[in-house]
Amino acid sequence: MSIKVAYWPGCVSRGFTPELHGSMAAVAPLLDIELVELDRANCCGAGVIAEHNQELADTLNARTFALAQRVEGAHCMMNICSTCQGAQSESQERLDANVEYRNNVNETISNEDGLRYRKGLDNKNFLWLLVEEIGLDELRSRVKRPLSGLKVGPFYGCYIVRPAERLGIDADRPRDRYLHEVIEALGGTVIDYAGVYKCCGFPIITMNREASLRQAGRHLGDAIDADADCLVVPCPLCHLNLDLQQPLAEREIGRELGMPVLHLPQLVGLALGLEPKQLGMNRHVVRPSSVIDWSTSVVAASS
Amino acid sequence: MPEYTLRLRRFSPETGEPAYWQDYTVDLEPHRSVLEGILQVRAEQDGSVGIRCSCRAAICGSCGVRINDKPGLACHTHLDAAAARSQDGVIKVEPMGNMPVIKDLITDFEAVHWKKVRRVTPWLLPDGPPPEREYIVSHEAMVDVTQSMACIQCGACVSDCLSMEVDPEFIGPAALAKAYRFVGDPRDSQHRERLEDLAEDPHGIFDCTHCFNCIDACPKGVAPMSQIMRLRRKATADYEIVDRNNGERHEKAFVGLIEKYGTLFEAELLPQSYGGKFHPRAMPELLRSLPVLVKGLLRGKITVMKGLHHPKLPDQKEIKRIFKTVEGRDQRYELNLYISGVDEEPEPAGAAGEAVSP
């Protein structure tokens with residue numbers, strides 16, 4: 001049975017990390033996910049618009065939610081970016097909490113042919129959808145190429161784990177363990193290291209470049225020290241600082257790194273039998289050679 | 001009574017020995033606190049264990065520690081909850097982070113926390129002679145600062161601030177929350193000066209990464225990160241302070257690009273955050289980024305087309321209209337759930353939960 005979702009890919013997955021958007025599109029049919037892309041929806045604001053004007057960010061996100069609610073037969077809204085998840089959850093928390101506020105926001109967006117956000121949207125990152133809607137057993141049963149021997153360090157990104165209450169993390173839904181669980185379901189080995197729940201530093205790259213790159217460099221170094229072959233991220237902004245900026249992070253902390261960083265759909269796609277090139281893994285700044293044997297295109301993990 | 005294992009991080013700098021872990025077993029009811037467990041250890045097993053505490057009721061803020069890798073008050077954490085949160089049932093207690101350790105679980109607040117709090121001039125600076133009787137302040141204005149006033153100076157947010165971890169000079173969450181307490185107070189006459197000072201500091205309000213650690217750490221719901229965002233909002237929107245750290249420029253660039261395109265034009269965001277492609281400030285920054293930009297181009301991550309063109313949303317005029325409506329208001333409409341709480345409204349049938357569409 002397939003799952004139809006109102007799909008919000010975000011800006012960065014179609015911008016500087018196009019391999020994320022492409023790999024999600026490649027993986028979806030293998031998991032029977034039907035993606036209905038919200039091609040009229042807008043940027044989530046990434047916390048920056050909210051810091052400028054909270055009502056503006058909430059109104060823009062309410063517009064996206066309302067567009068998602070118009071997708072007929074959709075099971076929920078899905079995103080592939082921790083930052084979108086966090087920024088949208090923050091807006092949704094306020095919109096759902098206060099009827100007067102919600103009415104005010106709806107009045108602003110409703111000029112668009114009666115567009116209206118109704119309280120109670122279910123908005124899930126691909127990671128949450130994998131575990132909660134598809135299920136780990138189902139995922140396991142679809143694995144064609146187990147990631148045996150591959151040592152993967154999870155890197156969650158801040159927006160998808162904090163604040164725990166807003167993001168619905170509790171004993172029944174341990175969303176802060178899902179990356180661990182998915183890596184194991186795909187046959188890989190989880191590497192716990194100091195940076196699992198830390199910040200990649202990306203949001204301050206233009207304000208304090210040194211502090212930003214020092215964060216990325218430190219976590220990458222910690223993962224190397226813990227003997228990880230690669231990291232996996234559910235957030236393209238983390239990917240920018242951890243992969244694209246990795247050469248600069250190396251310079252900042254004075255240490256050679258060379259740690260491959262995979263987007264979540266890429267890791268899933270590899271295990272489901274897709275070829276690295278189909279998943280855009282040739283687009284990364286740090287070549288994932290510890291993950292992929294390019295001559296045979298199979299998972300190569302250092303043994 | 002159930003038994004709990006407390007694993008305490010022991011350290012006495014004057015011995016010259018490295019820190020080590022020591023396990024103790026305590027017999028206490030599950031609803032007793034981690035602090036009571038530690039005090040029992042000290043009274044009955046090992047008098048040399050060091051911890052600072054006073055009120056034992058989550059009021060004084062003395063017993064901040066890290067329990068199972070998360071900061072909090074030892075007196076405010078039940079033993080059963082702490083054991084449930086641990087992978088192996090052992091309750092691991094260590095001193096707070098980002099501060100030097102004096103002994104065992106006692107950190108040096110003076111070296112970090114108090115110094116930073118003093119940095120933000122944490123007292124009222126009114127203008128002119130004081131009124132004959134009290135200052136008259138509106139109810140709304142004082143409610144606005146109650147959240148930041150709820151701080152008990154326990155240092156839990158400082159302990160796990162991820163920006164401070166790589167930059168010890170960052171003013172940090174507790175001190176900046178305290179700064180908002182005065183920037184939001186109508187009796188203070190130095191709002192602009194305070195904001196200019198915090199925006200211009202190379203380790204000031206624009207160095208918070210939005211990691212939310214301080215929000216989860218705070219036992220009193222102060223949400224220091226939200227107070228930092230309010231400081232930024234006031235600095236950039238109300239006082240139009242253009243800082244040397246690109247904080248205001250970055251925000252303006254981001255917001256402006258969304259107003260124009262609806263989604264983020266990344267290739268424009270970087271130069272605009274430095275004041276524009278041809279600004280003297282932008283050149284050295286862009287040059288430093290050149291190696292990664294070239295690599296991105298070579299790998300097909302970034303294309304020349306993407307650098308020059310970004311499509312507008314099909315109904316971009318709607319986004320523009322939303323901007324115009326919201327930004328055209330006389331006053332910003334802000335909702336603080338700490339103050340307003342959550343509505344207990346009845347739900348219309350079928351609206352809540354599962355499906356997105358009706």
Side-chain angles (χ1 to χ4, degrees), chain A residues 6 11-12 15-16 18 40 42-43 47-49 51-56 59-60 63 68-77 94 97-99 101 104 108-109 111-112 118-122 158 162-164 198-199 201 203-204 206-208 211 214-215 218 244-245 247-248 282-285, chain B residues 162-163 166-167 202 206-207 209-213 215-216 229 232-233 236-237 245-247 250-251 254-255 258 262-264 266 270 273-274 291-292 295-296 299-302 306 313-315 318-319 321-323 325-327 332-335 337 340 342-343 345 351-357:
Chain A
C11 305
V12 180
F16 283 178
R40 289 166 62 203
N42 45 261
C43 171
V48 182
I49 296 184
E51 121 192 5
H52 167 76
N53 185 319
Q54 198 190 74
E55 186 199 351
L56 182 60
T59 308
L60 290 170
R63 180 178 175 274
Q69 286 177 323
R70 280 200 170 173
V71 177
E72 225 160 289
H75 184 72
C76 62
M77 175 172 149
R94 280 189 288 266
N98 189 300
V99 65
Y101 188 66
N104 163 70
T108 313
I109 64 169
N111 263 16
E112 233 175 339
R118 296 181 315 281
K119 175 181 172 171
L121 171 84
D122 212 7
C158 307
R162 288 182 293 267
K198 290 191 177 172
C199 177
I204 59 167
T206 53
M207 276 84 86
N208 188 335
R214 229 177 283 151
Q215 297 194 50
R218 173 184 287 230
L244 180 68
Q245 305 265 33
L248 298 178
N282 49 328
R283 294 262 173 100
H284 294 189
V285 164
Chain B
L162 292 177
S163 206
V166 295
D167 177 15
F206 292 109
D207 277 10
T209 63
H210 311 167
C211 82
F212 298 91
N213 249 355
I215 294 187
D216 266 1
M229 295 309 128
R232 288 187 187 178
R233 206 175 295 147
T236 57
N245 303 305
N246 301 317
H250 176 70
E251 182 199 300
F254 193 108
V255 175
I258 303 307
T263 55
L264 189 59
E266 289 168 285
L270 190 64
S273 295
Y274 297 123
V292 295
K295 215 156 210 184
R299 298 281 155 84
K301 247 178 143 32
I302 305 168
K306 258 191 224 168
L313 284 181
D315 42 6
E318 272 302 307
I319 305 291
R321 191 186 54 74
I322 289 174
F323 267 79
T325 307
V326 177
E327 303 231 86
R332 282 191 305 268
Y333 186 175
E334 282 175 33
L335 183 70
L337 297 180
S340 70
V342 173
D343 280 350
E345 59 181 312
E354 298 308 304
V356 212
S357 52

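From a predicted model like this one, the values you see are computed outputs, not experimental measurements. Throughout, protein chains are lettered first and strands after them, A, B, ... in sequence-line order, and every chain is numbered starting at 1.
- Note that CG of B:Asn213 is 4.0 Å distant from CZ of A:Arg162, once rounded to the nearest 0.5 Å.
- For the options B:Asp167, B:Leu162, B:Leu270, heavy-atom pairs under 4.5 Å to chain A are most numerous at B:Leu162.
- When B:Cys211, B:Ala237, B:Pro314 are compared by the number of non-hydrogen pairs under 4.5 Å with chain A, B:Cys211 comes out ahead.
- Residue with the most contacts toward chain A among B:Lys301, B:Lys295, B:His250: B:Lys301 (heavy-atom pairs, distance under 4.5 Å).
- No donor-acceptor pair closer than 3.5 Å links the side chain of B:Thr209 to the backbone N or O of B:Ser163.
- Taking CZ of A:Arg94 as the start and CD of A:Gln54 as the end, the distance is 3.5 Å to the nearest 0.5 Å.
- Minimum heavy-atom separation, A:Gln215 to B:Val166: CG-CG2, 3.5 Å.
- When the candidates B:Met229, B:Glu251, B:Lys306, B:Arg332 are compared by the number of heavy-atom contacts under 4.5 Å with chain A, B:Glu251 comes out ahead.
- With respect to chain B, the highest number of heavy-atom pairs below 4.5 Å among A:Lys198, A:Met207, A:His284 belongs to A:Met207.
- Within the 4.5 angstrom heavy-atom criterion, only side-chain atoms of A:Arg218, from C-beta onward, approach chain B.
- Of all heavy-atom pairs spanning A:Arg63 and B:Ile322, the tightest one is CD-CD1, 3.7 Å.
- Residues B:Arg299 and A:Arg283 share a closest heavy-atom pair of O-CD, 3.1 Å.
- No other option in B:Thr236, B:Leu337, B:Ile215, B:Thr325 has as many heavy-atom pairs under 4.5 Å with chain A as B:Leu337.
- When the candidates B:Phe206, B:Phe254, B:Tyr333 are compared by the number of heavy-atom contacts under 4.5 Å with chain A, B:Tyr333 comes out ahead.
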